[in-house]
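Values in this document were obtained by computation on a predicted structure and should not be read as measured data.
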Amino acid sequence: MKKIWIWSITAALAGFLFGFDTVVISGADQTLQTLWDSSDVFHGTVVMAMALWGTVVGALLGGIPTKKFGRKNTLIAIGLLYTISAFGSALANEPLVFSFFRFIGGLGVGASTIAAPAYISEIAPAKDRGKLVGLYQFNIVFGILAAFMSNYFLSGVGENAWRWMLGVEAIPAILYTVFTLGIPKSPRWLISRSKTREAKEVLQLIYPEKDPEILMLEINSPKTEKAENIFLGKYKTPLMLAFLIAFFNQMSGINAFLYYAPRIFEEAGLEENTSLLSSIGIGLVNLIFTLLGIYLIDRVGRKKLMYVGSVGYIISLGLVAAAFFLDWQGMSVPIFLFLFIAAHAVGQGAVIWVFISEIFPNHLRSEGQAFGSSIHWILAALIPSFVPYMFTIVGAGYVFTFFAVMMVLQLLFVAVLMPETKGKSLEELEEELSFLGNPKVKFSHNYNK
């Protein structure tokens, strides 16, 4: 089990770079707009959101290398993309070059949301799968906190502070790439590619007390299924679930907020330095409640965490909207947004990547993850792109009201449609969700319990 934790933590470090890369731009937001004299629309859709458009492409296409070349090799490539992006964006001298290198980093983010959760879910025992895949989310929020702190401490180094903010990411990117060379390949991927000898060796490492031949039979990835795709009728249930959880994740406004946290705080009347410091508070709250979510996810289940998160969203977003409508000054907006972050971290944040990694069959997991991640990242690119414009046109109060209404709909989704996946092997979930009405040979799956 110690080996599984080490390998899972290593793969999950892709999440640290995801979180750092996504949020580090917030510290350079207004500096870059002033430096390059950009309009709100150009700044929002090109300079700020280009990494997110890279993430969309990475999520759309990331399933291809994840399936063809394997989870491990894809994770190594992701580390290289992050490294190139960090150096390139830090050295850029004009907005289009800057945006290109941010796009490269976005490719890494998008692909990581497929490869890392898929890899961890495929090596983890069912009873621990939630918290092990949850390590990816923990590293995301740890990366977010690190980016906020880095931005705060580097903000005073001079007019080129933004270059240091973006370039420092190269250090963890290089370390992550080196660490990933040492993890084994996913046994389920190896079986799906008919690499039975290598799969047997990895299964012996993961489950030394089990017979690897029996485990390979239980994983059961028939060759006849290789030509299938996730859009067949029998996969409509996991497809719908992946779409809805990804859709509502972004309809909370979480990425828009993380990208523009200092700007939102300044809209609420805080000074620039106080805004950056409040952003660190966001990172700390996110980290603490993500740890709580990871602790609870295999104990109370995914669905209960989503209930808690949905209610927390509705309350916190309603209070933020009220603060802008009623012109509440001081620390009211940061406090309400801390509550919002707590609700996100313990609910959607802890659940989304675990849930999507569980609900698709082994031979289609990379495609399923790519679909869910693509929905998530298309919306994550669209929403922050227009936040500066919408704040100017309709005001922050109406923007946060819209997000609150969408979270009421998420609560209905959880209550009516979302199944509980806690404690079930990936093969059991495959039978329940992917082949409804299609009887299959039943396996005991005791190896995964």
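Put simply, the side chain of Leu107 does not reach to within 4.5 Å of the side chain of Thr55, judged on heavy atoms. Here the side chains of Leu426 and Arg365 are in contact, with some heavy-atom distance below 4.5 Å. Within the 4.5 Å cutoff, the side chain of Ser374 has no heavy atoms near those of the Val56 side chain. Looking only at side-chain heavy atoms (C-beta outward), Arg163 and Leu154 stay at 4.5 Å or farther from each other. Between Val354 and Arg129 the shortest side-chain heavy-atom distance does not fall below 4.5 Å. Residues Leu132 and Trp5 are in side-chain contact: their nearest non-hydrogen atoms beyond the backbone lie under 4.5 Å apart. Counting heavy atoms from C-beta on, the side chains of Phe402 and Val405 never come closer than 4.5 Å. A heavy-atom distance below 4.5 Å is not found between the side chains of Thr177 and Leu181.
The CD atom of Glu367 lies 11.5 Å from the CG atom of Leu239; values are rounded to the nearest 0.5 Å. Remark: Leu135 CG to Leu13 CG distance equals 9.5 Å, nearest 0.5 Å. Of the inter-residue distances, the one linking Ile315 atom CD1 with Leu339 atom CG reads 7.0 Å to the nearest 0.5 angstrom. To the nearest 0.5 Å, atom CE of residue Met406 and atom CZ of residue Phe248 are 5.5 Å apart. In this structure, the separation between CD1 on Ile4 and CG on Leu205 is 10.0 Å, given to the nearest 0.5 Å. Rounding to the nearest 0.5 angstrom, the gap separating the OG atom in Ser186 from the CD1 atom in Ile123 is 8.0 Å.
For Trp7 and Tyr119, the ring centers are positioned 6.0 Å apart or more. Aromatic rings of Tyr313 and Phe340 (six-membered ring for Trp) have centroids within the 6.0 Å cut-off, being under it. Taking the six-membered ring for Trp and the full ring otherwise, His363 and Trp189 have centroids separated by 6.0 Å or more. Residues Phe18 and Trp377 place their aromatic rings such that the two centres sit under 6.0 Å apart.
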message: ring-ring contact (aromatic ring centres under 6.0 Å, His included) for Trp36 and Phe98? Distances and angles first, verdict last.
response: CA-CA 11 Å; Trp36 290 322; Phe98 176 85; 5.6 Å; yes
field: Check against side-chain contact (heavy atoms from CB on, under 4.5 Å), Ile120 and Arg71
entry: CA-CA 9 Å; Ile120 299 170; Arg71 286 58 162 142; over 6 Å; no
- prompt: Is there a salt bridge (charged side-chain N to carboxylate O under 4.0 Å, His left out) between Glu358 and Lys424 once you walk through the steps?
  reply: CA-CA 9 Å; Glu358 295 175 321; Lys424 299 176 182 179; over 6 Å; no
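A side-chain donor-acceptor contact under 3.5 Å links Ser121 to the backbone of Ala118. Side-chain atoms of Tyr136 come within 3.5 Å of backbone atoms of Thr113 as a donor-acceptor pair (strictly under, hydrogens ignored). The backbone N or O of Phe138 lies less than 3.5 Å from no partner atom in the side chain of Thr290, so there is not a single donor-acceptor pair. Glu169 places no side-chain N or O within 3.5 Å of a backbone atom of Ala86 that could act as its donor or acceptor partner. In this structure, Asp298 contributes its side chain and Lys131 its backbone to a donor-acceptor pair below 3.5 Å.
For Tyr295, the OH atom is loosely surrounded, since the number of other residues' heavy atoms within 6.0 Å does not exceed 12. Within 6.0 Å of atom CZ in Phe103, more than 12 heavy atoms from other residues, nucleotides or ligands are found, so the atom counts as buried in its surroundings.
Applying side chain to side chain contact (heavy atoms under 4.5 Å, CB included) to Leu190 and the options Lys195, Glu201, Met216, Lys200 leaves one that passes, Lys195. For the side chain to side chain contact (heavy atoms under 4.5 Å, CB included) with Trp162, the qualifying choice from Thr31, Ile25, Val24 is Thr31, the only one to do so. Ile114 pairs with exactly one of Ile356, Thr66, Leu61, Ile64 by the side chain to side chain contact (heavy atoms under 4.5 Å, CB included) rule, that one being Thr66.
When only modelled atom types and interatomic distance are considered, Thr421 and Arg302 share a side-chain donor-acceptor pair under 3.5 Å. Side chains of Gln410 and Ser310: a donor-acceptor N/O pair is present below 3.5 angstrom, by distance only.
Geometric assessment of Arg102 against the ring of Phe100 yields a negative cation-pi assignment under the 6.0 Å and 45° thresholds.
Ring orientation note: the planes of Phe400 and Phe403 are nearly perpendicular, at an angle over 60° on the 30°/60° scale.
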